[in-house]
Amino acid sequence: MERWAADGVYRFDRSRPREGVYSIDTPPPTVSGSLHVGHVFSYTHTDVIARFQRMRGKAVFYPMGWDDNGLPTERRVQNYYGVRCDPSLAYVPDFQPPAKPEKHPLSVSRPNFIELCARLTAEDEKAFEALWKYLGLSVDWGMTYATIGRDAQKVSQLSFLRLLSKGLAYQLEAPTLWDVDFRTAVAQAELEDREQPGAYHRIRFQRADQGSVEIETTRPELIPACVALVAHPDDERYKPLFGTDVITPLFGVRVPIRPHELADPEKGSGIAMICTFGDVTDVVWWRALSLPVRAIIQANGALRPVQWGNDGWESREPSRAQQAYDQLANLSAAKARSKIAELLRESGDLIGDPRPITHAVKFYEKGDRPLEIVTSRQWFIKTMTFRDALLARAKELCWHPPYMQARLENWINGLNGDWCISRQRFFGVPFPLWYPVLPDGSRDYAHPIVPPEERLPVDPSTDVPEGYRAEQRDQPGGFSGDPDVMDTWATSSLSPQIAGGWIADEDLFARVFPMDVRPQAHDIIRTWLFSTVLRSHLEFDTLPWKHAAISGWILDPDRKKMSKSKGNVVTPMALLEEHGSDGVRYWAASGRPGADTAFDVGQMKVGRRLAIKLLNASKFVLASPEPRGEIVEPIDRGLLTLLGRLVRDATADLEDYNYSRVLERAESLFWFFCDNYLELVKSRRYGDQGPAGAGSANAALLTALSSLLRLFAPFLPFVTEEVWSWWRPGSIHTAAWPSFDELFEAAGGEREDDVRTLELAANVLGEIRKKKSEEQRPMKTPVELAVLRLTERDRPLLDSARADLCAVALVRELSIETSDTFSVDVRFAAPDSSPQERGA
RNA sequence: GGGCGGUUAGCUCAGUUGGUAGAGCACCGGCUUUACACGCCGGCUGCCACAGGUUCGAGUCCUGUACCGCCCACCA
């Protein structure tokens, strides 16, 4: 509702101290796609909590970010405008992209590229904002940020420089996980396993003195990169061979056989070849055993040309090695694999046929070809030394649901290296560094030139460091900018700092940080959640938030994750228009925290009906909107007691992020209220039993409605606001959360007997309705005589509800007997005896 | 290989200290009832995955098994 924005209902009151604030580290959705039903689902959960906290009196800090930093945006901007980012170019002020994308992409500078990104994503952001408003998210739209925006860049660079000065960020030339298509390093967190076909090749290595050893490998193309064989130290078969050498087939390279515990005697022949580098185990072995490097995979995934016979490529038969290798050079790994299999077969070193298998292979999650390991210079953030501290943070954080904690612990325990944050991409937040260029033209990486903090953000590809002139770029004696950009998570991990105004607005930051909650899905615990905890730990020595509210996924009817591609068959906006925002929110809020939930339009329809019912019941109650008496009737007090208990439990549950239970219980009591209580008191409220009874019913109805509306307000903000506007000033969303104390007070205490009276009356009403239904009579059929059998204890309790009961069920005579078991006998008036009553 | 969830009516799911199995949807039947036909009333539906154990009593606690899903792992 635009009115909400206009009235500032959701505006964050930044004058409040930290204790009066509830702050949310909202996930910034990726703007280069479209929102799908899964977003609607999880963002609704957060909004329910936000609305609850606001009604509890907190100033809710609820910003919205847009994630436009990263590969998806880069690709989209490239295609949309027909441009490519080239950091070596200078910034062009007032640059305009071609009206239509040209055939050959136009090269633009990084600052220009980022401008184009902002321009394109502005459109998406408008559409997203419209959807969120339609859904009713109570975001403060005065507070938005973009992950590639100036502020985010500044925070990213600043945080990096601080880590650098503390020695927590470092650069290293080392073997790194590498995507050969994107030609960039990637981090452990961005890996995924994919089942791939492969084949075990059994290959004979001649021993230097006599005999031979057979290994099995799925990557025979790496034989030229082989630097050793390895077996388990206790493996009796190979024990005698440790310390001796073998000769690699085809290439004639002498390599040692070494022991190491990681070698698995059960796998293959129990002895493996170590190559530089086939997988991460190779790296571990290579380090542990201090082996030399013979790297052959290039950045583009092809085997690089090698001159055999010198410089680390010594061979017993250099010309034979060269002849073999020349057939592999410049081939991709996959092509080289089949080629070398041929060569090995010809040379007789391949034993039998390759044995086809399927095995898990590591991929960059956005990549199309298996990862390679390539040696390159990269920036890292120290992680491994903080493993125990991070595990303690995982325990310190309040998880909803609690079992999600294990996901993070699992991940931390499985970490095998520091976090590589540099990417050899062009679009992103650049590293704010330059390097001196030495007289020989090489860069002095050991002495980076750092800009002063107040100058940030800088782009070293176009900006010039202090004390240098632009012409000195890449000249001996001059400077050279760091060419890389940061991993997208290196920026996203600072979302609390970016949204909260770290450095830029310390007053704000102190009021919102550490934040109260991070809502997010479980699939990015290892990335976003982990890295945010790490950055906060390193910078502030604290958790970034007290709570993590983890949402599940939406499953389509086949119980598969509803992916973006599949989920798009129903656009969120169409759902909202068809079922109403309250209806869709009802469905979303029915999903338990963390639980994967089925996409179910049936639930949305139920939600819509609940909203309409709320409207209609309110219409009845508000037919007489002023209280006209004291609440004295037992069933009225019974109802308020039930409501008080509901509010008490709901408050505790919402404090604990258990929104789905609250909705379910509120709904359940509301239907009881409509079907039984409302019916029971209807005639009394019309005045059939005199003004005192009418006044009691009227006051109870108004009290109940007020509490029910506020209870539902976080879930169904539209219908509750509509009803509220009929009789109360202001927005229900800034009204106070209902108080169970007030309800109990209105009921005259927690009235157990009155609850029992109400329940008994409802049960009797149900029995009479059942009889009428069984005999297929209209509900307005008069009952000549109803005989109730109640226990000794219940008898006096029901007495006070007699008149209400008789009125609603049209009972002419009601007699009550004592019995051990509850039962109701009904006798109807003779069918022909009361035509005039039927008509009446 | 390690870990985490799940398994309750045809479907989607509740079931909070152990105490006679629940809701909604769907289905069937009935009803214009002065808030609501975008409605109301009623009915049908269950070896609570399986096997043991603890207990007077287990959907609920313990042990194990099976299946489904997810996360993680040094897959030569």
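Order of the sequence lines sets the chain letters (A, B, ...), proteins ahead of strands, with each chain counted from 1.
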For this session: Check the distance between B:A23's P and A:D675's CG and give it to me in whole angstrom.
Result: 13 Å

Exercise. Does A:R777 place a side-chain N or O at less than 4.0 Å from the phosphate oxygens OP1/OP2 of B:C41?
Worked result: no

For this session: Return the orientation label for the A:F673 and A:Y677 ring planes: parallel under 30°, perpendicular over 60°, tilted otherwise.
Result: parallel

Seminar exercise, completed: Heavy-atom nearest nucleotide on RNA chain B taken for A:K362 and for A:D600; more 5' hit belongs to A:D600

Seminar exercise, completed: For A:W727, the side-chain hydrogen bond (donor to acceptor under 3.5 Å, both in side chains) test, sequence neighbours excluded, returns none

For this session: Inspect the contact between A:D193 and A:K362 and indicate whether a charged nitrogen and a carboxylate oxygen are less than 4.0 angstrom apart.
Result: yes

Exercise. A:R769 side chain: which of B:G42, B:C13, B:C25 is closest?
Worked result: B:G42

Exercise. Quick one: do A:R393 and A:D388 make a salt bridge, cutoff under 4.0 Å?
Worked result: no

Exercise. Can you tell which of B:C13, B:G29, B:C74 lies closest to the side chain of A:V280?
Worked result: B:C74

Exercise. Atom CH2 of A:W411 and atom P of B:C72: how far apart are they, to the nearest Å?
Worked result: 7 Å

Exercise. With respect to the side chain of A:D193, which nucleotide from B:G3, B:C74, B:C75 is positioned closest?
Worked result: B:C75

Exercise. Contact class for A:W671 vs. all strands (heavy atom < 4.0 Å): base, sugar-phosphate, or nothing?
Worked result: sugar-phosphate

For this session: Would you kindly give the CG-to-P distance between A:D264 and B:A76, to the nearest whole Å?
Result: 11 Å

Exercise. Is the base of B:C41 touched by the side chain of A:K772 through a donor-acceptor pair closer than 3.5 angstrom?
Worked result: no

For this session: Return yes if the base of B:G29 and the side-chain atoms of A:S773 contain a donor-acceptor N/O pair under 3.5 Å, otherwise no.
Result: yes

For this session: Could you tell me whether A:E216 and A:K267 make a salt bridge, using a distance below 4.0 angstrom between a side-chain N and a carboxylate O?
Result: no

Problem set entry | Interatomic distance where NZ belongs to A:K770 and P belongs to B:C31 [whole Å] | 19 Å

Problem set entry | Consecutive-pair stems (at least three Watson-Crick or G-U pairs, under 3.5 Å) that include RNA chain B | B:1-7 with B:66-72, B:10-13 with B:22-25, B:27-31 with B:39-43, B:49-53 with B:61-65

Problem set entry | Any A:H522 side-chain nitrogen or oxygen under 4.0 Å from OP1 or OP2 of B:C4 | no

For this session: Please determine if A:R194 and A:E192 form a salt bridge, counting it only when a charged side-chain N lies under 4.0 Å from a carboxylate O.
Result: yes

Seminar exercise, completed: Among B:C25, B:G43, B:G30, the one nearest any side-chain atom of A:Q776 is B:G30

Problem set entry | Length of the line joining A:K605:NZ and B:A23:C1', which is rounded to integer Å | 19 Å

For this session: Grab the CD-P distance between A:E774 and B:G43 for me, whole Å please.
Result: 7 Å

Exercise. Is the closest basic N to carboxylate O distance between A:R665 and A:D649 below 4.0 Å?
Worked result: yes

